[in-house]
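A quick write-up on the structure given underneath.
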Amino acid sequence: MAVGTRLAFLAAALSVAAALAKGLFDRRQRKDVLGDILARIDVLRSSPDASQDDLDYEFLSLAAYEAGQGVESGEGGPFGAVIVRNGDQGKEIVARAHNMVIATQDPTSHAEIIAIQKACKTLNKIELSDCEIYSSCEPCPMSFAAMFLARLPRLVYGAQAEAAHDLGYDKDHIADAIRGTSKFQKTTCVVKRILHPEVAGVFWKHRNQVQVY
């Protein structure tokens with residue numbers, strides 16, 4: 001093998017090794033960051049002097065960590081969510097999630113939606129009235145509606161919707177729906193209602209069979 005070829009192979013091998021080492025370092029660094037956040041939460045949970053603001057800050061830090069995971073893994077956008085239960089032993093993390101839209105090719109795979117699904121599965125129930133949700137960014141109307149349906153009584157979020165909008169998300173200002181204003185809200189969706197007897201009859205026909213949730 002010519003010297004030039006050997007050098008080229010060596011350079012390529014060193015490049016791959018460097019990339020692998022950097023990836024390993026990054027993974028360890030992310031693991032350290034996660035460990036630090038969880039450690040701070042544990043300290044606050046066991047401290048009688050810890051304030052709600054202190055806990056809110058750290059749980060939101062965990063949501064921000066999840067948001068970073070979504071981007072770094074290539075699975076979704078920079079959005080994370082954490083659900084915490086107010087249990088007998090204090091606040092307990094029951095679900096963590098990040099945006100998975102790219103990985104699942106599903107536009108509804110938002111961090112808050114996935115966190116709600118995980119929490120419901122973990123707690124084996126469909127209402128989360130004893131829980132709180134922390135979101136790295138102001139939730140979109142879809143995610144906010146899911147919180148409402150899950151009976152989540154409290155939401156703590158970090159960045160405003162404008163931060164996501166500046167990156168190219170929510171170009172149609174649908175987040176205005178959360179704020180009770182439609183000043184900038186626009187849609188090209190055509191909505192039509194048909195008074196169809198079969199559709200309306202479903203509710204009456206199954207009125208004694210449904211399980212209301």
Side-chain angles (χ1 to χ4, degrees), residues 27-73 75-101 103-104 106 108-161 163-164 175 178-179 210-213:
R27 286 194 295 275
R28 286 177 177 171
Q29 196 172 44
R30 288 196 296 272
K31 187 176 180 180
D32 289 343
V33 170
L34 175 60
D36 288 344
I37 295 171
L38 294 175
R40 292 198 300 270
I41 290 173
D42 283 342
V43 169
L44 289 171
R45 289 178 68 242
S46 60
S47 171
D49 299 324
S51 68
Q52 181 66 59
D53 288 341
D54 292 334
L55 283 164
D56 285 345
Y57 185 88
E58 294 303 340
F59 286 131
L60 196 57
S61 296
L62 187 55
Y65 170 84
E66 286 293 332
Q69 288 292 94
V71 177
E72 292 171 10
S73 65
E75 294 178 331
F79 307 100
V82 175
I83 292 180
V84 176
R85 183 187 185 193
N86 296 307
D88 296 334
Q89 305 299 318
K91 294 183 181 293
E92 171 194 7
I93 299 169
V94 293
R96 292 164 28 201
H98 56 256
N99 184 287
M100 295 279 290
V101 168
T104 61
D106 178 356
T108 68
S109 292
H110 288 200
E112 299 88 350
I113 301 285
I114 297 173
I116 289 171
Q117 292 171 342
K118 285 183 175 181
C120 288
K121 185 174 182 179
T122 296
L123 300 175
N124 194 31
K125 59 182 184 177
I126 58 174
E127 59 87 23
L128 302 173
S129 59
D130 57 348
C131 298
E132 302 169 345
I133 187 166
Y134 295 81
S135 180
S136 63
C137 185
E138 185 175 4
C140 73
M142 176 187 68
S143 295
F144 189 73
M147 295 175 199
F148 179 81
L149 292 172
R151 308 293 193 271
L152 280 159
R154 186 168 184 260
L155 158 69
V156 178
Y157 71 89
Q160 289 187 300
I178 256 185
R179 300 169 178 173
V210 297
Q211 298 181 49
V212 179
Y213 50 86

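What you see is a predicted model; the values in this text were computed from it and never measured.
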Counting N and O atoms only, with roles assigned by atom type, does the side chain of [X] sit under 3.5 Å from a partner on the main chain of [Y], one being a donor and the other an acceptor?
{"X": "Ser47", "Y": "Val43", "result": "no"}
{"X": "Asn99", "Y": "Gly76", "result": "no"}
{"X": "Thr104", "Y": "Met100", "result": "yes"}

Closest non-hydrogen atom pair between [X] and [Y], with its separation:
{"X": "His98", "Y": "Ser73", "answer": "NE2-OG, 4.0 Å"}
{"X": "Arg85", "Y": "Asp130", "answer": "NE-OD2, 3.0 Å"}
{"X": "Ile114", "Y": "Ala97", "answer": "CG2-CB, 3.7 Å"}
{"X": "Ala95", "Y": "Ala119", "answer": "CB-N, 3.8 Å"}
{"X": "Leu123", "Y": "Cys131", "answer": "CD1-SG, 3.9 Å"}
{"X": "Ile41", "Y": "Glu58", "answer": "CG1-CB, 3.7 Å"}

### Task
Check the surroundings of atom NZ in Lys125: do more than 12 heavy atoms from other residues, nucleotides or ligands lie under 6.0 Å from it?
yes
### Query
What do the steps show when you test Val82 against Ile93 for side-chain contact (heavy atoms from CB on, under 4.5 Å), and what is the final call?
CA-CA 7 Å; Val82 175; Ile93 299 169; 4.1 Å; yes
### Task
Kindly state each residue pair satisfying ring pair (Phe, Tyr, Trp, His ring centres under 6.0 Å) with at least one member in residues 34-55, sequence neighbours excluded.
none
Using 0.5 Å steps for rounding, measure from the [atom1] atom of [X] to the [atom2] atom of [Y].
{"X": "Ser135", "Y": "Ile83", "atom1": "OG", "atom2": "CD1", "value": "10.0 Å"}
{"X": "Leu44", "Y": "Asp56", "atom1": "CG", "atom2": "CG", "value": "10.5 Å"}
{"X": "Gln69", "Y": "Glu75", "atom1": "CD", "atom2": "CD", "value": "9.0 Å"}
{"X": "Leu149", "Y": "Ile116", "atom1": "CG", "atom2": "CD1", "value": "8.5 Å"}
{"X": "Phe144", "Y": "Glu138", "atom1": "CZ", "atom2": "CD", "value": "9.5 Å"}
{"X": "Leu55", "Y": "Tyr134", "atom1": "CG", "atom2": "OH", "value": "6.5 Å"}

### Task
Begin with the C-alpha distance, continue with both residues' side-chain angles, and end with the deciding distance and a verdict on side-chain contact (heavy atoms from CB on, under 4.5 Å) for Leu62 and Leu38.
CA-CA 8 Å; Leu62 187 55; Leu38 294 175; 4.2 Å; yes
### Message
What I'd like to find out is whether the side chain of Val156 reaches to under 4.5 Å of the side chain of Phe59, using heavy atoms alone.
### Response
no
### Message
Any non-hydrogen side-chain atom of Arg40 less than 4.5 Å from a side-chain atom of Asp54?
### Response
no
### Summary
Per side chain to side chain donor-acceptor pair (under 3.5 Å), Asn86 is matched among Glu92, Arg154, Lys91 by Lys91
### Query
For Leu128 and Ile133, what are the C-alpha separation, side-chain angles and deciding distance, and is it a side-chain contact (heavy atoms from CB on, under 4.5 Å)?
CA-CA 10 Å; Leu128 302 173; Ile133 187 166; over 6 Å; no
